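Worksheet: one structure, shown below.
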Number of protein chains: 2
Amino acid sequence: MDASVTPLRHGGLSLVQTTDFFYPLVDDPYMQGKIAAANVLSDLYAMGVTECDNMLMLVGISTKMTEKERDIVMPLIMRGFKDCALEAGTNVTGGQTVMNPWCTIGGVASSVCQTSELIMPDNAVVGDVLVLTKPLGTQVAVNAHQWLDLQDRWNRIKLVVSEDDVRKAYLRSIDSMARLNRTAARLMHKYNAHAATDVTGFGLLGHAQNLAAHQKNEVSFVIHNLPVIAKMAAVAKACGNMFQLLQGLSAETSGGMLICLPREQAAAYCKDIEKTEGYQAWIIGIVEKGNRTARIIDKPRVIEVPAKEKEGELW
Amino acid sequence: MDASVTPLRHGGLSLVQTTDFFYPLVDDPYMQGKIAAANVLSDLYAMGVTECDNMLMLVGISTKMTEKERDIVMPLIMRGFKDCALEAGTNVTGGQTVMNPWCTIGGVASSVCQTSELIMPDNAVVGDVLVLTKPLGTQVAVNAHQWLDLQDRWNRIKLVVSEDDVRKAYLRSIDSMARLNRTAARLMHKYNAHAATDVTGFGLLGHAQNLAAHQKNEVSFVIHNLPVIAKMAAVAKACGNMFQLLQGLSAETSGGMLICLPREQAAAYCKDIEKTEGYQAWIIGIVEKGNRTARIIDKPRVIEVPAKEKEGELW
């Protein structure tokens with residue numbers, strides 16, 4: 001499960017908790033803070049929990065930053081984290097800050113719920129379809145963006161992508177990673193989701209396999225479509241086996257929800273999320289009879305997700 | 001407050017939470033794990049909360065350890081943490097592990113409580129006395145123990161302390177830091193404590209000042225007695241202003257409870273904790289009318305706390 005669920009001493013309530021911290025991966029401190037908070041909260045949302053009661057923040061200030069860098073960067077990271085918590089309808093009430101060689105940012109998200117607020121991630125049935133709520137390719141985009149300043153690396157991909165493409169994909173990634181999976185979780189209740197997980201460090205297939213392995217029914221997941229941030233599939237291909245994006249193994253940060261939904265509800269789910277948030281979601285596969293595994297078909301269809309997706313945004 | 005208290009949506013309940021992580025300070029990985037867990041839990045106990053519902057563990061594995069070191073050291077640290085959680089009647093249900101230049105260990109402790117389970121730390125009244133439940137000097141002892149292998153440093157203190165004294169004080173510190181403040185918290189309810197905090201990084205006086213500053217009544221704290229692990233006051237003195245132990249500013253890890261108790265209950269509190277746990281507690285000061293500050297009198301009485309305190313222990 002993405003979050004721990006502890007039954008409490010008090011009338012049918014459970015404590016749902018998760019923690020996550022990592023090292024900065026984008027060069028905008030404020031957005032990095034938002035990404036860290038969205039990433040922690042995502043584990044609650046994957047369990048169908050939409051109300052986070054409290055957050056704590058975990059901060060490591062790099063011993064290698066100058067005093068000036070610290071005084072500018074760390075408050076921005078922390079403000080981003082707090083703003084994202086507010087956006088999620090919760091608060092940061094405490095935490096811990098230490099000095100550390102590497103800068104770290106993360107937190108703890110907790111919710112006290114009735115059992116009915118939870119969607120246990122083990123009820124997929126044959127005939128369900130798989131929905132994904134954010135495009136893949138955040139790690140590829142973040143790396144490609146770093147390579148704009150590394151001639152050797154850039155030379156490997158410059159035939160398949162322009163600098164402008166990379167900048168757009170990078171901004172799209174930041175926007176995607178900082179976006180909350182809260183609406184996705186709310187709609188999971190409305191459309192009767194049978195199981196869900198959020199896609200992070202193990203990539204789409206890694207998390208799909210983990211979700212499949214824990215199903216009560218004898219089912220397997222088959223993935224046909226891979227929605228990928230524009231041009232990042234080409235970049236990944238140009239890098240050989242480095243990312244394994246099309247094998248579903250490229251790490252994502254604060255990725256989308258992977259949800260098992262009744263077939264007849266899935267299209268409405270995707271339409272609703274687009275109407276509510278202005279972002280697309282995709283039906284990417286099916287649940288069939290099987291031995292609790294997940295796989296991607298031989299030649300999956302790559303869906304190029306435009307960098308400029310939301311109307312009125314800058315890129 | 002030592003822990004954050006968040007009112008919940010459900011019938012009068014509150015979520016009480018705290019997090020802490022730090023770098024190892026003793027060379028016994030298993031005991032280090034226990035110390036880390038006891039240290040996290042201590043913030044709940046300071047609020048009178050005796051039932052922790054869930055713990056998460058935060059681990060940083062040092063990138064500088066060899067694979068063999070990692071495979072031996074990290075599982076021991078984690079086992080110590082988990083064993084201490086079990087001792088506290090709770091469980092570690094999740095957490096996060098990352099690679100980091102420095103080894104880190106810490107966690108999150110959460111409890112969902114009725115308001116009646118909490119002792120808000122702001123009700124001290126004139127006439128209360130101050131009780132401390134663990135001796136001071138853990139940082140001095142840990143440092144002195146490291147100096148056994150540093151000739152220069154050792155030369156500074158060898159006139160006031162023997163190697164054997166240092167080893168005993170170090171073991172006493174480990175035992176003290178790994179000891180839960182749970183009984184101390186339980187007895188706070190039984191003997192009607194008015195306010196409490198746990199003594200950690202800011203030292204006895206630092207935490208006393210913080211507690212005093214947050215009182216509802218116009219009170220001040222005056223500290224007369226300093227219980228210190230045997231010989232560590234002499235070591236601190238020999239080091240000049242380095243520790244500021246007798247000024248109440250030497251950092252403690254997983255230190256004792258500092259409690260404001262009605263005068264007529266304090267002796268019974270100390271007797272009860274000794275009977276229950278086999279450890280001494282001390283009346284160290286008084287609460288008088290004042291402007292919410294804390295101070296140590298000019299020549300406080302130093303109480304030498306023997307390294308061998310518990311019957312039947314090895315040192």
Side-chain angles (χ1 to χ4, degrees), chain A residues 1-23 36 39-40 43 50-60 62-64 89-114 117 200-201, chain B residues 1-23 36 39-40 43 50-60 62-64 89-114 117 200-201:
Chain A
M1 294 200 296
D2 289 300
S4 81
V5 179
T6 310
L8 295 171
R9 298 163 284 153
H10 308 280
L13 294 169
S14 292
L15 174 61
V16 186
Q17 284 202 302
T18 179
T19 182
D20 218 341
F21 63 101
F22 51 50
Y23 308 103
N39 188 58
V40 175
D43 288 325
T50 58
E51 298 300 323
C52 173
D53 286 305
N54 192 41
M55 291 192 83
L56 305 173
M57 185 162 30
L58 305 169
V59 180
S62 174
T63 51
K64 287 164 188 169
T90 184
N91 263 301
V92 180
T93 64
Q96 160 90 332
T97 302
V98 297
M99 298 301 299
N100 193 58
W102 295 348
C103 182
T104 66
I105 176 70
V108 182
S110 305
S111 182
V112 176
C113 299
Q114 298 289 354
E117 294 176 65
T200 56
Chain B
M1 293 202 296
D2 289 299
S4 80
V5 179
T6 310
L8 295 171
R9 298 163 284 153
H10 308 279
L13 294 170
S14 292
L15 174 61
V16 186
Q17 283 203 302
T18 181
T19 181
D20 218 340
F21 63 100
F22 51 50
Y23 307 102
N39 188 58
V40 175
D43 288 326
T50 57
E51 297 301 322
C52 174
D53 286 306
N54 192 41
M55 291 191 84
L56 305 172
M57 188 164 23
L58 305 169
V59 180
S62 175
T63 51
K64 289 164 188 170
T90 185
N91 263 300
V92 180
T93 63
Q96 159 91 333
T97 302
V98 299
M99 297 301 298
N100 193 58
W102 296 346
C103 181
T104 65
I105 176 70
V108 182
S110 304
S111 181
V112 176
C113 299
Q114 298 290 354
E117 295 176 63
T200 56

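Below, read A as the first sequence line, B as the second, and so on, with proteins coming before strands; counting in each chain starts at 1. No experiment lies behind these values; they were computed from the predicted model shown.
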>> Restricting to non-hydrogen atoms, name the atom on B:V59 and the atom on A:F21 that form the minimum distance, rounded to 0.1 Å.
In response: O-CZ, 4.3 Å

>> Rounded to the nearest 0.5 Å, what separates atom CG in A:D20 from atom CG in B:L56?
In response: 11.0 Å

>> Donor-acceptor pair, distance only, cut-off 3.5 Å: does the side chain of B:R9 make one with the backbone of A:D53?
In response: no

> Do A:T19 and B:M57 come close enough that some side-chain heavy atom pair is under 4.5 Å?
Replying inline: no

> Quick one: are B:V108 and A:L58 in side-chain contact, heavy atoms under 4.5 Å?
Replying inline: no

>> Distance check, rounded to the nearest 0.5 Å: A:S4 atom OG versus B:N54 atom CG?
In response: 4.5 Å

> Do you know which of A:T6, A:L15, A:L8, A:N100 has the most heavy-atom pairs under 4.5 Å to chain B?
Replying inline: A:N100

> Using non-hydrogen atoms only, which part of B:S111 is less than 4.5 Å away from chain A: side chain, backbone, both, or neither?
Replying inline: side chain

> Given the rule in the side chain to side chain contact (heavy atoms under 4.5 Å, CB included) test, do A:V98 and B:W102 qualify, once you have shown the distances and angles that lead to the verdict?
Replying inline: CA-CA 12 Å; A:V98 297; B:W102 296 346; over 6 Å; no

>> What residues of residues 89-96 of chain B make heavy-atom contacts with chain A at a cutoff under 4.5 angstrom?
In response: B:T93, B:G95, B:Q96

> Where does B:T63 contact chain A at under 4.5 Å (heavy atoms): side chain, backbone, both or neither?
Replying inline: side chain

> Got A:H10 and B:H10 here, is their nearest side-chain heavy-atom distance under 4.5 Å?
Replying inline: no

